[in-house]
Amino acid sequence: MIYDAAIIGTGPAGVSAALNLKIHNKNFIWIGSKNLSDKITKAERIANYPGFINAAGAELNAAFRAQIDAMGIEITEGMVNAVYDMGDHYALNLGADFCEAKAVVLTTGIAMKNTLPGEAERVGRGVSYCATCDGALYKGKTVAVVSTNVRFEHEVKYLAELAAKVYFLPSYKDAGTIAENVETVAARPTGIEGEKKPFTVTLSDGGSLTADGIFFLRDSISLSTLLPGLATEDGHIAVDRGMATNLKGVFAAGDCTGRPYQYTKAVGEGNVAAHAVIAYLSEH
């Protein structure tokens, strides 16, 4: 089955796009965290969202959740590792699974622009964003795993069951103990060097480590890796007034399109993007 649209990201822009596509009876898949936006949840007070007077972030997030549930909208928990242009539609890689959609709405936030020096050049030849996809390639070898969220620790455990040695580089505090062959590294990774495997991962403390494969388990990945050919400006996705990107059938909304980084702006852009998708589907 090919969906009418795929929404990537469950922040305010994604919520707005999903609500509008649902109202217009479009068949879509919505991919991201079922907890919606951690950024909103952690906000102490939100003073400029219409209808909410100095609301706590958790209150606004709960209101989003309640409306989503009331409308029967489902979220597919996961992260999209790559989007492929199939000519008249797009294929999305979700770990070991794939789905297809005629249009794509990117509501990925601003984390998508962060990559290490040497990372992009080695994607597919030592650098991976999916443990279940590529873990088997490193059975009995040494891998490094950079993780930005505790929710990815089950993937680190999976890699530990395959690899002989795992260097674990979490960017958060209180990382769990995974397995005996997993060494937690406190220093931050600063780059990847070397033309052939094994590669060298340089560290913020001046040290380094050597690994055959390097896995980045982030809440999101770089724009150039996610969707090659996507035009950007100053690290953000370039869009027109209809939230259309330079790629046909691909739209973007929210923080990923640029400042101001405001919830109200994201919701408005999500609405515009959804209506642009509806028009695009009608025309094609």
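Nothing fancy with the numbering, it's 1 onward along the sequence.
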> Under the 3.5 angstrom rule, does the side chain of T210 hit a backbone N or O of P198 as a donor-acceptor pair?
Replying inline: no
> When you look at L230 and L247, which way does the side chain to side chain contact (heavy atoms under 4.5 Å, CB included) test go after all the steps?
Replying inline: CA-CA 7 Å; L230 185 66; L247 303 178; 4.1 Å; yes
>> I want to check something: taking the side chain as every heavy atom from C-beta on, are S33 and E77 in contact at a cut-off of under 4.5 Å?
In response: yes
>> Within the structure provided, determine whether F168 and T177 are in side-chain contact (heavy-atom separation under 4.5 Å).
In response: no
> In terms of hydrophobic clusters joined by side-chain contacts under 4.5 Å, are I7 and L227 together?
Replying inline: no
> Heavy-atom distance under 4.5 Å between the side chains of Y263 and I46, does that happen here?
Replying inline: yes
>> Between N20 and A273 (side chain of the first, backbone of the second, donor and acceptor by atom type, cut-off under 3.5 Å), is there such a pair?
In response: no
> If two hydrophobic side chains count as joined below 4.5 Å and joins carry through other members, does L94 share a cluster with L226?
Replying inline: yes
>> Please determine whether side chain to side chain contact (heavy atoms under 4.5 Å, CB included) holds for the pair I31 and L92, giving the CA-CA distance in whole Å, both sets of side-chain angles, and the decisive distance to 0.1 Å.
In response: CA-CA 10 Å; I31 306 160; L92 290 75; 4.0 Å; yes
> Which pair of heavy atoms, one from V83 and one from V104, lies closest together, and at what distance?
Replying inline: CG1-CG2, 4.5 Å
> So how far is it from D4 CG to H24 NE2, rounded to the nearest 0.5 Å?
Replying inline: 12.5 Å
> About how many Å separate CE of M1 and CG of N27, when rounded to the nearest 0.5 Å?
Replying inline: 5.0 Å
>> Looking at T184 and Y167, would you say the former's side chain and the latter's main chain have a donor-acceptor pair under 3.5 Å?
In response: no
>> Give me the atom names and distance for the closest heavy-atom approach of A17 to V105.
In response: CB-CG1, 4.4 Å
>> Is the terminal nitrogen or CZ of K265 (NZ for Lys, CZ for Arg) located under 6.0 angstrom from the six-membered ring centre of Y261 and within 45° of that ring's axis?
In response: no
> Just wondering, do I178 and K157 contact through their side chains at under 4.5 Å, heavy atoms?
Replying inline: yes
>> If the test is side chain to side chain contact (heavy atoms under 4.5 Å, CB included), which one of M243, H236, R241 qualifies with V239?
In response: M243
> For G229, does its backbone N or O pair with a side-chain atom of N246 as donor and acceptor, under 3.5 Å?
Replying inline: yes
> Which pair of non-hydrogen atoms, one from V143 and one from A163, has the smallest distance, and what is that distance?
Replying inline: CG2-CB, 4.1 Å
> Any idea which heavy atoms bring A187 and L169 closest together, and the distance?
Replying inline: O-CD2, 3.8 Å
> For Y158 and A131, which heavy atoms make the closest approach, and how far apart are they?
Replying inline: CE2-O, 3.3 Å
> Is there side-chain contact between N35 and T41, with at least one heavy-atom pair below 4.5 Å?
Replying inline: no
> Do Q67 and I73 have side chains that get closer than 4.5 Å, going by heavy atoms?
Replying inline: no
> So, T190 and T202: side-chain donor and acceptor under 3.5 Å apart, yes or no?
Replying inline: yes
> Would you find a donor on one side and an acceptor on the other, under 3.5 Å apart, between the side chain of T142 and the backbone of K165?
Replying inline: no
> What's the verdict on side chain to side chain contact (heavy atoms under 4.5 Å, CB included) for F215 and D134, showing C-alpha distance, side-chain angles and the deciding distance?
Replying inline: CA-CA 9 Å; F215 289 82; D134 300 323; 4.1 Å; yes
> Do the side chain of K248 and the main chain of G87 share a donor and acceptor less than 3.5 angstrom apart?
Replying inline: yes
> Are Y3 and H89 side-chain neighbours, meaning at least one heavy-atom pair lies under 4.5 Å?
Replying inline: no
> CG/L159 to OH/Y138 distance, rounded to the nearest 0.5 angstrom?
Replying inline: 10.0 Å
>> Are F28 and V80 linked, directly or through intermediate hydrophobic residues, by side-chain heavy-atom contacts shorter than 4.5 Å (ILVMFWY only)?
In response: no
> Is there a donor-acceptor pair closer than 3.5 Å between any side-chain N or O of R65 and the backbone N or O of L36?
Replying inline: no
> Has the side chain of T107 got a donor or acceptor atom that lies under 3.5 Å from a matching backbone atom of I8?
Replying inline: yes
> Do other residues, nucleotides or ligands put more than 12 heavy atoms under 6.0 Å from the CD atom of E161?
Replying inline: yes
> How many angstroms lie between OH in Y172 and OG in S147, if you round to the nearest 0.5 Å?
Replying inline: 4.0 Å
>> Measuring from atom CZ of R122 to atom CZ of F199, what distance do you get when rounded to the nearest 0.5 angstrom?
In response: 5.5 Å
> Do the side chain of S37 and the main chain of G11 share a donor and acceptor less than 3.5 angstrom apart?
Replying inline: no
>> Would you say I2 ends up clustered with Y90 if hydrophobic residues are merged whenever their side chains have heavy atoms under 4.5 Å apart, either directly or through other cluster members?
In response: no
>> Counting C-beta onward and ignoring hydrogens, is there a side-chain heavy-atom pair between V277 and K26 closer than 4.5 Å?
In response: no
> Between atom CE of M86 and atom CD of E100, what is the distance when rounded to the nearest 0.5 Å?
Replying inline: 6.0 Å
> What about W30 and I278, same hydrophobic cluster or not, with Ile/Leu/Val/Met/Phe/Trp/Tyr joined at side-chain heavy-atom distances under 4.5 Å?
Replying inline: yes
>> Is it the case that the side chain of E193 and the backbone of T200 share a donor-acceptor pair, with hydrogens and angles ignored and the cut-off at 3.5 Å?
In response: no
> Taking atom CZ of R188 as the centre, does the number of heavy atoms from other residues, nucleotides or ligands within less than 6.0 Å exceed 12?
Replying inline: no
>> Please give me the minimum heavy-atom distance between G32 and T10, naming the atom from each residue.
In response: CA-CG2, 3.8 Å
